[in-house]
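The structure displayed is predicted, hence computed values, not measured ones. The chains referred to below are lettered A, B, ... by the order of the sequence lines, with proteins before strands, and numbering in each begins at 1.
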Number of protein chains: 2
Amino acid sequence: MGRIKTESNASRKEVIIEKAAALFKEKGFKAASMRELADIVGVEAASLYNHIKSKNELLNIICFDVANRYMHKLDEIEAEKTTSIAKIEKLLRYHIEGMLNHFDEVYVSDREWKHLDNPYLSNLQTQRRAYRKRFAALIEEGIRRKEIKKIDAPTAVLIMLHAISGIESWHRSKQKISGKELEENMVTIMIDGLRK
Amino acid sequence: MGRIKTESNASRKEVIIEKAAALFKEKGFKAASMRELADIVGVEAASLYNHIKSKNELLNIICFDVANRYMHKLDEIEAEKTTSIAKIEKLLRYHIEGMLNHFDEVYVSDREWKHLDNPYLSNLQTQRRAYRKRFAALIEEGIRRKEIKKIDAPTAVLIMLHAISGIESWHRSKQKISGKELEENMVTIMIDGLRK
DNA sequence: AAAATACACTAACTAACGTTAGCATTTAAG
DNA sequence: CTTAAATGCTAACGTTAGTTAGTGTATTTT
C-alpha cells in the first residue's frame, strides 16, 4: 500500500499512535481492530508490527502520556503561592484545555483504561487515585482557609473531573459555542454554581 | 449445568439481563463474552439463546429501559408548577438516585450505547438529544425568570449529566460517604458552586 | 397419564481477531 | 555502488467470538 507519511517531526510510531487514539475514541479499544487501524494509516496490518509491539502497547502509551502530563501540571500548581480557589480554577482550566486540544488521547485515557493489562493497569489506577487525592487536598485546603464551602472534597473532585470529560458531547454537538466560551461557562458553573 | 434460578417475580430473561448489565459494566460490552455471561447465569452459552435473540438485544433492552425511565420522569417534572431551580434540583436528584439504585444499567446505558446497531443506535441518539434539549430548556426558563445566572444552558446540562455519571468512581472508592450525603453534596455543588 | 411446551445440553460452524514468519523492496550509510 | 537497516507485503497460525442445529429432559397443560 505504501509508506506511512510522517510530517517532518513525527516518527512513524507517533503517527500510528495518533491515528490509534482517534480510532479507539470512535469505536472503543476492543471494537477497534488492527486491520482497521492499518487501513487508516495506509498500510497492511502486519506492517504495523514493525513499529509497535502490540495493540495494548498503543493503549499503554496513550494512557500514560495523558496521566503524566496531568501529574506534572499538578506538581507545578501545588507549588504556587496563591489562593486555593485560584489553584483549583487553574487546574480546571488546564483540564478543559487538555480536553479541547488533545481530545482523542484524553478521551481514550479516560474511558478505555480498563483494557490495559497488568502491570500497567494497576500502575495507572494507583496514579489516578493519587492524583484525585492531591486534587481533593487542594479543596480541603480551601475549606480550611474558608475560601470554599464545607463540602465533601472527593465528591467535588469527582464532579469536576467527570464534568470535564463530558466535553465529548460538546465535541459532537453541531451548534457549539467556542472553546473559550465553553471554558468560561464551565468554570463559572463549577466555581459559583447555577443559582444567581 | 442446571436451570436458571428466578426469584418469584423475575422471568429468566430478566435474570439474564440483570447479570448482563453487571458484566457489561465490569468488562465493557465488546470485551464481555456470552460464554462468560452463561457461566455467571449458571448455564451453557447456547442455552441463553432460548431466552434472548442476540447479545445486542441485551444491550438494546438495557439502554432503552434506562432512557425511557428518564424520559417519563422528565415528562412528569415539566408538568409541575414550581420554580425552575426546583425542577432542575428534582431532576438532578432523580439522576443521582438512579445512579445509586440501578447503577449497572445506567452505567452501561451511558458508556456502551456506541455498540448498539441500527436502527436502535440512531433511535437512542435521537432520544438522548431530545432529552438534553428539554433539560436545557428548563435551564433557559430559569434564566428568563432570573432564578439562574446567565450561562450557556447546553453546557450546564453537559456538566450535570456527566458529573452524575461520575458516581461510578464513588461506587469504586473504599472510604465512601453515604448515598444521601453524596446526593446532598452534589446538589449543593452544582446548584450553588464551590465558592463560599 | 399423555401431550405440548419450555428449557438445557453437546457439537459445530463461520467470521474475525491479534500476531508471526518469511520474503521483497525501499531508504540510508559506508 | 554496495551493503545494512528500515519498512513493506503476502500468507498463515491459533484463538476466541457469536450463533445455530439437533437432541434430550424437565415442567406445565390438558
Side-chain angles (χ1 to χ4, degrees), chain A residues 1-21 23-24 26-63 108 112 114-118 120-121, chain B residues 1-21 23-24 26-63 108 112 114-118 120-121:
Chain A
M1 293 179 85
R3 304 226 127 193
I4 298 176
K5 286 157 189 52
T6 64
E7 295 165 20
S8 52
N9 278 338
S11 75
R12 282 171 229 278
K13 184 165 182 174
E14 284 164 344
V15 172
I16 294 173
I17 294 167
E18 201 178 302
K19 307 272 192 186
L23 182 63
F24 293 169
E26 203 186 300
K27 301 239 171 177
F29 178 73
K30 280 286 177 186
S33 83
M34 294 304 275
R35 285 170 174 85
E36 214 171 345
L37 175 58
D39 255 18
I40 292 167
V41 170
V43 94
E44 289 300 319
S47 306
L48 293 173
Y49 290 84
N50 286 320
H51 304 278
I52 62 164
K53 231 173 67 27
S54 68
K55 186 187 184 187
N56 262 280
E57 192 204 3
L58 290 170
L59 187 58
N60 293 342
I61 292 171
I62 292 170
C63 289
V108 168
E112 306 292 331
K114 276 185 194 183
H115 303 106
L116 288 170
D117 38 25
N118 276 317
Y120 301 97
L121 178 59
Chain B
M1 293 180 84
R3 306 224 125 192
I4 298 177
K5 286 155 191 53
T6 65
E7 296 167 21
S8 55
N9 279 337
S11 75
R12 285 169 166 69
K13 184 165 182 173
E14 284 165 343
V15 172
I16 294 173
I17 293 167
E18 201 178 301
K19 306 272 190 185
L23 183 62
F24 293 170
E26 202 185 300
K27 301 238 173 179
F29 178 73
K30 280 286 178 185
S33 83
M34 295 304 276
R35 284 169 176 85
E36 213 171 348
L37 175 58
D39 255 18
I40 292 167
V41 170
V43 93
E44 289 300 320
S47 307
L48 294 173
Y49 290 85
N50 286 318
H51 305 279
I52 61 163
K53 232 174 63 28
S54 68
K55 185 186 183 188
N56 261 280
E57 192 205 0
L58 290 170
L59 188 59
N60 293 342
I61 293 172
I62 293 169
C63 289
V108 168
E112 306 291 330
K114 276 185 192 181
H115 303 107
L116 290 170
D117 38 26
N118 276 319
Y120 301 97
L121 178 59

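- Summarising the geometry, the separation between CD on A:Glu44 and P on C:dG18 is reported as 14 Å, rounded to the nearest angstrom.
- Rounded to an integer number of Å, the gap from A:Ile16 CD1 to D:dG8 P is 7 Å.
- Where B:Lys53 and A:Ser47 each meet DNA chain D at their nearest nucleotide, the meeting point lying more 5' is that of A:Ser47.
- Side-chain contact between A:Glu36 and A:Glu26 is absent, with no heavy-atom pair separated by less than 4.5 Å.
- Rounding to whole angstrom units, CG of residue A:Asn56 and C1' of C:dG18 are separated by 10 Å.
- Contact annotation: B:Arg12 side-chain N/O to C:dC7 OP1/OP2 distance is under 4.0 Å.
- Between the CD1 atom of A:Ile52 and the P atom of D:dA6 there is a distance of 17 Å, given to the nearest Å.
- Rounded to the nearest 0.5 Å, atoms CZ (B:Phe29) and CG (B:Leu116) are 8.0 Å apart.
- As a whole-Å value, the separation of A:Phe29 CZ from C:dG18 P is 8 Å.
- One can place NZ of B:Lys13 at 15 Å from C1' of C:dC7, the figure rounded to the nearest angstrom.
- The distance from the CD1 atom of B:Ile52 to the NZ atom of B:Lys13 is 8.0 Å, given to the nearest 0.5 Å.
- For A:Tyr120, the OH atom sits in a loose shell: 12 or fewer heavy atoms of surrounding residues, nucleotides or ligands are nearer than 6.0 Å.
- Not one side-chain nitrogen or oxygen of A:His51 sits closer than 4.0 Å to the OP1 or OP2 atom of D:dA6.
- Atom CZ of B:Arg35 is separated from atom C1' of C:dA12 by 10 Å (rounded to the nearest Å).
- Here B:Ser33 lies in heavy-atom contact (under 4.0 Å) with sugar-phosphate atoms only.
- To the nearest angstrom, P of C:dA8 lies 13 Å from CG of B:Leu37.
- Looking at A:Glu18 and A:Val41, their side chains never come closer than 4.5 Å, going by heavy atoms from C-beta outward.
- Comparing A:Ala45 and B:Met34 by the nucleotide of DNA chain D whose heavy atom lies nearest to each, the residue mapping closer to the 5' end is A:Ala45.
- B:Ala31 comes within contact range of no nucleotide atom at all, as no heavy-atom separation falls under 4.0 Å.
- Side-chain N/O atoms of B:Asn50 and base N/O atoms of C:dA8 include a donor-acceptor pair closer than 3.5 Å.
- Taking every side-chain heavy atom of A:Ala46 into account, D:dT10 is the closest of C:dG18, D:dT10, D:dG18.
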